[in-house]
Asker: 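So that we are looking at the same thing, I have put the structure below in structure tokens.
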Amino acid sequence: MLDPKLFRIDIEKTAELLAKRGFKLNTEQLTVLEEQRKAIQIKTQELQSQRNTRSKSIGQAKARGEDIQPLLAEVSQLGDDLEAAKVEQTQVLQSIDDILSAVPNLIHDSVPQGESEDDNVEIKRWGTPREFDFEVKDHVDIGTALDKGLDFEAGAKLAGTRFSVMRGPIAKMHRALAQFMLDIHSEEHGYQEMYVPYLVNHNSLFGTGQLPKFGEDLFHTELANKKFSLIPTAEVPLTNLVRDEIVDEADLPIKMVAHTPCFRSEAGSYGRDIRGLIRQHQFDKVEMVQIVKPEDSLTALEQLTGHAETILEKLELPYRTVVLCTGDIGFSSTKTFDLEVWLPAQNTYREISSCSSFGDFQARRMQARFRNSETKNIELLHTVNGSGLAVGRTLVAVIENYQQADGSINVPTVLQPYMKGLTNIK
RNA sequence: GGUGAGAUGGCUGAGUGGUCGAAAGCACCGGUCUUGAAAACCGGCGAGGGUUUAUAGCCCUCCUAGAGUUCAAAUCUCUAUCUCACCGCCA
């Protein structure tokens, strides 16, 4: 949610900034609504003020033992007027809110202009893709052959398409990856390890921006009167920890990491990445979240992106880092770095982490604030998060990059302690 | 699942229909005192919104949330959520 004042003070400039990301703001409509809002709001408050004074005078008249009948009639009429004004006000405010809640965040100046993902700018490339002297197989062929270490038929039987089952050493390596990441971030990068709910309420989803606009991307449950949704990322529970809080400035920055399953409906992605582990309804992810002071958010984003890169480097997986252009960046984000890992079977780099700064966009929705000791004011925090990393996709990358001619998979050195010293899966 | 008790400002905690945005204490901020600090004393101190050049005034809203009764609700009624206690069940 953007600051509503941006639409009052200089709506044309705001529209210009939004146009950068291809969002067309209906300025005429908003300007009209804004005029209506101002008029009706002033009128409503005026009526409320009158009613308050009159009501008080009734109390005083009564205390003096005077006849209050004439006063009662007068206030009754006021009440009717007020009721009507309130109805009108609610409608106008709702219309404005409907528009504003669909307006994306403003993009940071440093973000490159572009139309689509083709215009994202690569800013870093690490590692050299390995040369293979045999025919490269993809993770599905390798994993399925290894005693059904990856089993998509079983996943389909149990749940449906886009679900999978892992067995034996593959399942163990999946677990090892998550634990390895969690350990590095909590022990070397200064994040507090967290355990959080996988089902959250709608307030939480609104806070981080999944609702109201992206509800169809989620799995929802309803039990009696309780409405929960499965988290699409640990960003939701972790970030909402500061919702409706005034955080102590001394506690900033707050750095948290959690390993959770994530659930996404993948509505609208029929036919895409239908093979393998790349796009599943359920996948594991290690997520980092930072809650920071406004002036620190860009630095925090770069730092956090570096933390995600560290994992890939320790696993010795070649990757590149790109800045998402104005046409590809997410709704709530002000700047995003994607990490893309090399997948030999696809002969390309594929997204494995997405790190974003949201400025105060999420914080405003959440009313997540701190008291600034310099200005003495209560101010909105900034939120930053990123995957460090998507565990399922990391498993894919390890299987494909570490595959051997005989169909076995070498275990990355840093993972071996997590697998009882196992060096090769066959 | 059953029964009962609760939910008030950063925290603790008064307040049962009108003068309550709300006592008091703590915390915090400013001052006096002090070589400095502490203590003591004096003063200030909730949030959101509107209007406005204004973080000046003025006004509106907010005592978990939502509905209701009333001229008037922190206070009365209903519903929901959450917390605590005891019982039952359970990984």
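Fair warning: this is a prediction, and the values are worked out from it, not measured in the lab. Heavy atoms only: backbone and side chains are in, while hydrogens, waters and symmetry mates are out. Convention: sequence-line order gives letters A, B, ...; per-chain numbering from 1.
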Asker: Nearest of B:G10, B:C71, B:U61 to any side-chain atom of A:Ile58?
Answerer: B:C71
Asker: For the pair made of CG in A:Leu78 and C1' in B:C71, what is the distance, rounded to whole Å?
Answerer: 10 Å
Asker: When you compare the side chain of A:Ser269 with that of A:Arg279, does any pair of heavy atoms fall below 4.5 Å?
Answerer: yes
Asker: Which nucleotide, in any strand shown, forms a Watson-Crick or G-U wobble pair with B:G57, with both distances under 3.5 Å?
Answerer: B:U51
Asker: Separation of A:Gln48 atom CD from B:A73 atom P, in whole Å?
Answerer: 11 Å
Asker: Please evaluate residues A:Thr208 and A:Ser332 with respect to the criterion side chain to side chain contact (heavy atoms under 4.5 Å, CB included), reporting the C-alpha separation (whole Å), side-chain torsions for both, the decisive distance (0.1 Å), and the verdict.
Answerer: CA-CA 8 Å; A:Thr208 30; A:Ser332 308; over 6 Å; no
Asker: Take atom P in B:U61 and the same atom in B:A74, then report the distance between them in whole Å.
Answerer: 10 Å
Asker: Just checking, any donor-acceptor pair under 3.5 angstrom between side chains of A:Gln362 and A:Thr383?
Answerer: yes
Asker: Quick one: is A:Arg51 getting a side-chain N or O under 4.0 Å of the B:A73 phosphate, OP1 or OP2?
Answerer: no
Asker: Report the base-pairing partner of B:G36 (Watson-Crick or G-U wobble, both distances below 3.5 angstrom), or none.
Answerer: none
Asker: Only pairs with both distances under 3.5 Å count, Watson-Crick or wobble alike; so what is the partner of B:C20 in this structure?
Answerer: none
Asker: Given the C1' atoms of B:U12 and B:U51, what is the spacing between them in whole Å?
Answerer: 37 Å
Asker: Rounded to the nearest angstrom, tell me the gap between atom CD in A:Glu245 and atom P in B:A47.
Answerer: 16 Å
Asker: Going by heavy atoms in the side chains, are A:Phe263 and A:His281 under 4.5 Å from each other?
Answerer: no
Asker: To the nearest angstrom, how far is A:Arg371 atom CZ from B:G9 atom P?
Answerer: 15 Å
Asker: Using the C1' atoms only, state how far B:U75 lies from B:A22, rounded to an integer number of Å.
Answerer: 12 Å
Asker: Please work out which of the three classes, parallel, tilted or perpendicular, describes the rings of A:His189 and A:Tyr191, given edges at 30° and 60°.
Answerer: perpendicular
Asker: Within a strict 4.5 Å, meaning less than it, do heavy atoms of the A:Lys157 and A:Glu153 side chains meet?
Answerer: no
Asker: In this structure, how many angstroms lie between the P atom of B:G48 and the CD atom of A:Glu379, rounded?
Answerer: 11 Å
Asker: Does B:U75 have a Watson-Crick or wobble partner in any strand here, with both distances under 3.5 angstrom, and which is it?
Answerer: none
Asker: For atom C1', what is the distance between B:C26 and B:U35, given to the nearest Å?
Answerer: 31 Å
Asker: When the P atoms of B:A38 and B:A27 are compared, how many Å lie between them, rounded to an integer?
Answerer: 12 Å
Asker: Would you measure the distance from the C1' atom in B:C76 across to the matching atom in B:U83 and give it in whole Å?
Answerer: 24 Å
Asker: Contact class for A:Asn52 (heavy atom, under 4.0 Å): base, sugar-phosphate, or nothing?
Answerer: sugar-phosphate
Asker: Could you check whether atom CD of A:Glu83 has more than 12 heavy atoms from other residues, nucleotides or ligands sitting under 6.0 Å from it?
Answerer: no
Asker: Given atom NZ of A:Lys227 and atom P of B:A80, what is their separation to the nearest angstrom?
Answerer: 15 Å
Asker: Does the structure show a Watson-Crick or G-U wobble partner for B:U69, both distances under 3.5 Å? Name it, or say none.
Answerer: none
Asker: May I ask which nucleotide in the shown strands pairs with B:C82, Watson-Crick or G-U wobble, both distances under 3.5 Å?
Answerer: B:G6
Asker: Counting only side-chain N and O atoms of A:Ser49, is one of them less than 4.0 Å from OP1 or OP2 of B:C60?
Answerer: yes
Asker: Which whole number of Å gives the distance between the P atom of B:C28 and that of B:C33?
Answerer: 22 Å
Asker: Under a 3.5 Å cut-off for both distances, is B:C90 Watson-Crick or wobble paired, and to whom?
Answerer: none
Asker: Between B:U55 and B:G44, how far is it from one P atom to the other, in whole Å?
Answerer: 23 Å
Asker: Within the 4.0 Å heavy-atom criterion, would you say A:Ile378 contacts the bases, only the backbone, or no part of the nucleic acid?
Answerer: sugar-phosphate
Asker: Rounded to the nearest angstrom, tell me the gap between atom CZ in A:Arg54 and atom C1' in B:C59.
Answerer: 16 Å
Asker: Starting at CG of A:Asn203 and ending at P of B:A65, how long is that distance when rounded to a whole Å?
Answerer: 12 Å
Asker: So which one's nearest nucleotide on RNA chain B is more toward 5', A:Ile42 or A:Lys56?
Answerer: A:Lys56
Asker: Describe the nucleic acid contact of A:Arg369 in one word from base, sugar-phosphate, nothing, applying a heavy-atom distance below 4.0 Å.
Answerer: sugar-phosphate
Asker: Are OP1 or OP2 of B:U52 and a side-chain N or O of A:Lys38 less than 4.0 angstrom apart?
Answerer: yes
Asker: Select from A:Ile246 and A:Val75 the residue whose nearest nucleotide in RNA chain B is closer to the 5' end of that strand.
Answerer: A:Ile246
Asker: Should B:G43 form a Watson-Crick or G-U wobble pair with both distances under 3.5 Å, which nucleotide is its partner?
Answerer: B:C29
